[in-house]
**Student:** 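I am attaching a structure below and will ask some questions about it afterwards.
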Amino acid sequence: MKMLPVSPIWYGREKSIMDIFVPIQFHRVAIEKIGSRRDTEQKVETYKDMFYKDTTLSDRVSIQGDPGMGKTTFLAKLVLDWCGSDSSKVSKTSSNFRDVETLQNFRFVFYIKFRDSIGQSKVVDMIKTQIIDEIYFNEMQQTEAYNLLGSIMERETCLASIDGLNEWTDHTNENPIPKMYTLSKKCVVLITFNNDHGKWLISVSKILKSEHL
């Protein structure tokens, strides 16, 4: 996650995300009652702007944009900023999203990818498969860690950072989006998706009822 390839044709040539990250111009989007979206032209330039309404922490935040605009890279940078939020190191890539101290409000951050969650509908199961099962190979340890995950989410303020909603499909055709109700109310969900899916995105926006960027 910390390194990115410089070019798809230059195998093995990588640079740190912090060295090559280009800030994204985020604008807050208002979601109307009928499901339509309206650009408010209100810039979002800090993590506080992204996750808070005044002093209230939002429970759902979605980032919509064109393919290749840098949504995945932004999520990776967010995780790296969170990992270093208790140190004196601050990203020097831009003046945007330098308030890493805001991320200290999250005791745990879980980064997962929808494209690696085919066949799964519950976000907690995605966390188990992509994080817990990759750390622990012993089945007993996996079970203990999964049970601990539930306890953590009930007690602590967490962030589930999930990339690429448009890459997820439900084989049962019963769920328009993954089941997020399995997450604790203390767990904030940040989701990214592309804006090239027309009416499908409108229905997703209505269901998420989120801060939309």
Side-chain angles (χ1 to χ4, degrees), residues 1-8 14-31 37-52 58-83 85 91 93-100 102-103 106 109-118 123 126-127 130-131 158-169 176-178 180 183 187-213:
M1 177 184 289
K2 187 176 181 180
M3 307 296 289
L4 284 178
V6 176
S7 168
E14 299 178 324
K15 295 200 69 173
S16 168
I17 287 178
M18 295 304 190
D19 292 336
I20 64 176
F21 178 76
V22 177
I24 303 174
Q25 296 297 320
F26 288 125
H27 289 85
R28 196 175 304 280
V29 174
I31 302 177
R37 303 183 299 279
R38 174 175 54 84
D39 188 346
T40 65
E41 297 186 358
Q42 179 183 355
K43 291 184 178 180
V44 177
E45 299 179 323
T46 66
Y47 288 122
K48 186 174 182 179
D49 290 340
M50 175 170 287
F51 291 111
Y52 284 85
S58 301
D59 59 350
R60 299 287 185 269
V61 179
S62 58
I63 299 176
Q64 174 189 349
D66 294 331
M69 69 171 287
K71 300 183 295 298
T72 298
T73 304
F74 175 79
L75 291 194
K77 176 184 179 298
L78 182 152
V79 174
L80 293 175
D81 281 344
W82 176 77
C83 290
S85 62
S91 171
T93 54
S94 73
S95 59
N96 292 355
F97 295 97
R98 293 178 63 119
D99 59 323
V100 295
T102 299
L103 300 177
F106 299 112
V109 173
F110 306 100
Y111 174 72
I112 57 179
K113 299 178 181 179
F114 276 119
R115 69 166 176 259
D116 296 333
S117 306
I118 305 301
V123 174
M126 299 176 190
I127 294 175
Q130 296 186 38
I131 299 179
C158 306
L159 172 64
S161 178
I162 319 176
D163 187 38
L165 179 58
N166 52 284
E167 298 180 80
W168 179 83
T169 56
I177 63 172
M180 299 180 198
L183 296 173
C187 186
V188 176
V189 177
L190 171 62
I191 288 180
T192 71
F193 54 92
N194 293 339
N195 62 4
D196 56 352
H197 288 264
K199 295 181 179 179
W200 181 83
L201 289 182
I202 296 177
S203 65
V204 169
S205 298
K206 292 173 67 178
I207 294 170
L208 285 175
K209 295 181 181 178
S210 62
E211 284 293 290
H212 194 73
L213 310 178

**Student:** Roughly how far, to the nearest 0.5 Å, is the OG atom of S161 from the CD1 atom of I63?
**Tutor:**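 Separation between the atoms: 7.5 Å.
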
**Student:** From T46 OG1 over to N96 CG, what is the distance, rounded to the nearest 0.5 angstrom?
**Tutor:** 9.0 Å

**Student:** Taking the side chain as everything from C-beta on, heavy atoms only, tell me whether E167 gets closer than 4.5 Å to N194.
**Tutor:** no

**Student:** Is any side-chain heavy atom of N166 less than 4.5 Å from a side-chain heavy atom of F114?
**Tutor:** no

**Student:** Rounded to the nearest 0.5 Å, what's the gap from NZ on K113 to CG on L165? Could you check?
**Tutor:** 15.5 Å

**Student:** Apply the side chain to side chain contact (heavy atoms under 4.5 Å, CB included) test between L190 and each candidate in V109, D163, L75, I162; give the one that qualifies.
**Tutor:** L75

**Student:** Identify, with sequence neighbours excluded, every residue that meets side-chain contact (heavy atoms from CB on, under 4.5 Å) alongside I131.
**Tutor:** F110, I112, I127, I135

**Student:** Flag the pair V29 / Q64 as yes when at least one side-chain heavy-atom distance between them is below 4.5 Å, and no otherwise.
**Tutor:**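 No - every pair of side-chain heavy atoms lies 4.5 Å or more apart.
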
**Student:** Provide the closest heavy-atom pair for T192 versus G164 in the form atom of the first, atom of the second, distance.
**Tutor:**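 Closest heavy-atom pair between T192 and G164: OG1-N, 3.0 Å.
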
**Student:** Nearest 0.5 angstrom please: W168 CH2 to S117 OG, how far?
**Tutor:** 9.5 Å

**Student:** At what distance, to the nearest 0.5 angstrom, does NZ of K71 lie from CD1 of I24?
**Tutor:** 7.5 Å

**Student:** Going through the distances and angles, do F26 and E45 end up as a side chain to side chain contact (heavy atoms under 4.5 Å, CB included)?
**Tutor:** CA-CA 7 Å; F26 288 125; E45 299 179 323; over 6 Å; no

**Student:** Who are the side chain to side chain donor-acceptor pair (under 3.5 Å) partners of Q42, not counting sequence neighbours?
**Tutor:** none

**Student:** Carefully, step by step, assess F106 and F51 under the rule ring-ring contact (aromatic ring centres under 6.0 Å, His included).
**Tutor:** CA-CA 11 Å; F106 299 112; F51 291 111; 5.3 Å; yes

**Student:** Please list, chain by chain and in numerical order, all residues satisfying ring-ring contact (aromatic ring centres under 6.0 Å, His included) with Y47, sequence neighbours excluded.
**Tutor:** F97

**Student:** Does some side-chain heavy atom of Q25 sit less than 4.5 Å from a side-chain heavy atom of V44?
**Tutor:** no

**Student:** Which distance, rounded to the nearest 0.5 Å, do you find between the CD1 of I118 and the CE of M126?
**Tutor:**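 Going from CD1 on I118 over to CE on M126, the span is 8.5 Å.
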
**Student:** Report yes if some heavy atom in the side chain of M50 is under 4.5 Å from a heavy atom in the side chain of K48; otherwise report no.
**Tutor:**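 In short, these two side chains do not touch, never coming nearer than 4.5 Å.
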
**Student:** Could you tell me if the side chain of R60 sits less than 4.5 Å from the side chain of V188, heavy atoms only?
**Tutor:**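 Sidechains of R60 and V188: no contact.
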
